[in-house]
K.L.:
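One structure, as structure tokens, below. Some questions next.
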Amino acid sequence: MRVTEKLNSGAPVTLAFFGDSVTHGYFESFNGMHGTTDYDAVYHTVLKYDLAKRYPDAEIHVINAGVGGDSAQKGLVRLGQDVIDQHPDFAVVCFGLNDINGTMEDYTGALGEIFGRLLRADVETVFLTPNMLNTYVDDSLTGGLRDYAYKTAEYQTGGRMDAFMDAAMRTAAAHGVAVCDCYRIWKQYNARGVDTTALLANRINHPARDMHKLFAEELLKMVTEEGGAQPCSTV
């Protein structure tokens, strides 16, 4: 990857992370709001720390272009200002958790436009598949969060989220965009009997801190070319 060459050379490198509330840094939710932010624990902060250890001579800058509640369609509107105009060397795109409430055509259409614009701007791009949604409604949830959790649990267990991720992967492949498929790892956990809902900080769609580490670890494998431009390694 070109970003790997720049890191090895010690040249300044700018990494952009473009997505929704997970990328922004939200964890627990309260009273229907996004709730707790923890910028030290979000996956791109962890990745920057790991890269700095691996490449101590490199000057690494991170752009947090995550916005809570965003879909790929909403993100497309701000792509220029928030990402392309900042001239990053490398961009990680992670949408899907909110897009699930819309149509697959809107999701894949916007993703395709995002990928195309980034590539035309000569930004090396990776699509990071998000975490699973909840598979049941946790007893701790109340009010609007509980109501929404019933919907997202149906999206996950009924196969809608799987279908959206399959479509997103095809869209990335059509644009020649490398995929870090962490959704697949979550699915493997679930298939092995792990309570993946308990791995969500808000028990709906925000991964807990340890699972942000998973995203960082898998992206690190791609950036350092230990895993190459392929789906992330199996658990």
Side-chain angles (χ1 to χ4, degrees), residues 16-24 26 34 43 65-80 82-84 91-120 123 125-137 144-145 147-191 196-197 199-200 202-207 211 215 218-219 229-232:
F17 296 84
F18 187 47
D20 51 34
S21 55
V22 174
T23 297
H24 180 86
Y26 284 106
H34 282 115
Y43 68 91
V67 171
D70 251 13
S71 61
Q73 273 196 315
K74 290 181 179 178
L76 181 58
V77 176
R78 59 185 180 84
L79 174 63
D82 288 3
V83 181
I84 293 175
V92 174
V93 177
C94 186
F95 287 104
L97 297 174
N98 298 312
D99 303 83
I100 196 74
N101 293 300
T103 69
M104 187 180 295
E105 292 75 17
D106 286 343
Y107 176 47
T108 56
L111 268 185
E113 183 63 23
I114 289 168
F115 295 150
R117 287 181 59 186
L118 286 168
L119 294 174
R120 288 193 295 274
V123 180
T125 303
V126 165
F127 176 57
L128 172 64
T129 56
N131 47 277
M132 286 175 59
L133 299 166
N134 58 303
T135 58
Y136 62 88
V137 178
L145 288 176
D147 293 340
Y148 187 55
Y150 278 108
K151 180 185 293 187
T152 50
E154 174 58 29
Y155 287 162
Q156 186 64 65
T157 61
R160 182 175 174 85
M161 187 66 178
D162 290 353
F164 269 60
M165 290 301 100
D166 287 344
M169 296 272 285
R170 291 193 298 271
T171 302
H175 286 80
V177 169
V179 178
C180 187
D181 190 9
C182 289
Y183 183 77
R184 178 173 57 87
I185 297 180
W186 280 73
K187 290 285 291 185
Q188 290 172 343
Y189 278 148
N190 184 255
T196 50
T197 300
L199 301 179
L200 298 167
N202 66 349
R203 300 299 189 264
I204 298 175
N205 55 11
H206 294 166
M211 301 311 288
F215 289 164
E218 297 302 319
L219 285 168
Q230 301 292 329
C232 294

K.L.:
List, one per line, each side-chain donor-acceptor pair under 3.5 Å for residues 157-169, sequence neighbours excluded.
P.N.:
from: Thr157; atom 1: OG1; to: Ala153; atom 2: O; distance (Å): 2.8
from: Arg160; atom 1: NE; to: Ile100; atom 2: O; distance (Å): 2.9
from: Arg160; atom 1: NH2; to: Ile100; atom 2: O; distance (Å): 3.0
from: Arg160; atom 1: NH2; to: Gly102; atom 2: O; distance (Å): 2.4
from: Asp162; atom 1: OD1; to: Tyr183; atom 2: OH; distance (Å): 2.4
from: Asp162; atom 1: OD1; to: Lys187; atom 2: NZ; distance (Å): 3.3
from: Asp162; atom 1: OD2; to: Lys187; atom 2: NZ; distance (Å): 3.0

K.L.:
Heavy atoms only: give me the nearest Phe18-Val83 pair and the separation to one decimal.
P.N.:
CD1-CG2, 3.7 Å

K.L.:
Specify the closest pair of heavy atoms between Asp70 and Lys74, including all atoms of both residues, with the distance to one decimal.
P.N.:
OD1-CB, 3.3 Å

K.L.:
Are the side chain of Thr197 and the backbone of Thr135 linked by a donor-acceptor contact shorter than 3.5 Å?
P.N.:
yes

K.L.:
Does Glu218 pair with Arg184 as a salt bridge, N-O distance under 4.0 Å?
P.N.:
no

K.L.:
State the SG-CG distance between Cys182 and Leu128, to the nearest 0.5 angstrom.
P.N.:
5.0 Å

K.L.:
Do Cys180 and Phe215 have side chains that approach each other closer than 4.5 Å (heavy atoms only, starting at C-beta)?
P.N.:
no

K.L.:
So Leu97 and Asn131, do their side chains get closer than 4.5 Å, heavy atoms only?
P.N.:
yes

K.L.:
Kindly indicate whether the side chain of Phe127, heavy atoms from C-beta on, has any atom under 4.5 Å from the side chain of Thr129.
P.N.:
yes

K.L.:
Any side-chain heavy-atom pair from Leu118 and Leu79 closer than 4.5 angstrom?
P.N.:
yes

K.L.:
Any idea which heavy atoms bring Cys94 and Tyr43 closest together, and the distance?
P.N.:
CB-OH, 4.2 Å

K.L.:
Report the distance from atom NZ of Lys151 to atom CG of Asn134, rounding to the nearest 0.5 Å.
P.N.:
12.5 Å

K.L.:
Which residues pass the side chain to side chain contact (heavy atoms under 4.5 Å, CB included) test with Ala72, sequence neighbours left out?
P.N.:
Phe95, Asp99, Tyr107, Ala110, Leu111, Ile114

K.L.:
With no hydrogens and no angle check, is any side-chain donor or acceptor of His175 less than 3.5 Å from a backbone partner on Gly112?
P.N.:
yes

K.L.:
Please give me the minimum heavy-atom distance between Tyr189 and Thr196, naming the atom from each residue.
P.N.:
CB-CG2, 4.1 Å

K.L.:
Going from CE on Met132 to CD1 on Ile185, what distance comes out if it is rounded to the nearest 0.5 angstrom?
P.N.:
13.0 Å

K.L.:
Does the side chain of Val126 reach to within under 4.5 Å of the side chain of Val93, using non-hydrogen atoms?
P.N.:
no

K.L.:
Charged N to carboxylate O under 4.0 angstrom, Asp82 versus Arg78?
P.N.:
yes

K.L.:
Are the side chains of Leu200 and Asn205 in touch, meaning some heavy atoms are under 4.5 Å apart?
P.N.:
no

K.L.:
Counting C-beta onward and ignoring hydrogens, is there a side-chain heavy-atom pair between Pro207 and Val22 closer than 4.5 Å?
P.N.:
yes

K.L.:
Identify, with sequence neighbours excluded, every residue that meets side chain to side chain donor-acceptor pair (under 3.5 Å) alongside Thr108.
P.N.:
none

K.L.:
Do His24 and Val67 make a side-chain contact, defined as non-hydrogen atoms from C-beta onward lying under 4.5 Å apart?
P.N.:
no

K.L.:
Using 0.5 Å steps for rounding, measure from the CG atom of Leu76 to the CG atom of Asp106.
P.N.:
11.0 Å

K.L.:
Just by modelled atom types, is the Asn98 backbone N or O under 3.5 Å from a matching donor or acceptor in the Asn101 side chain?
P.N.:
yes

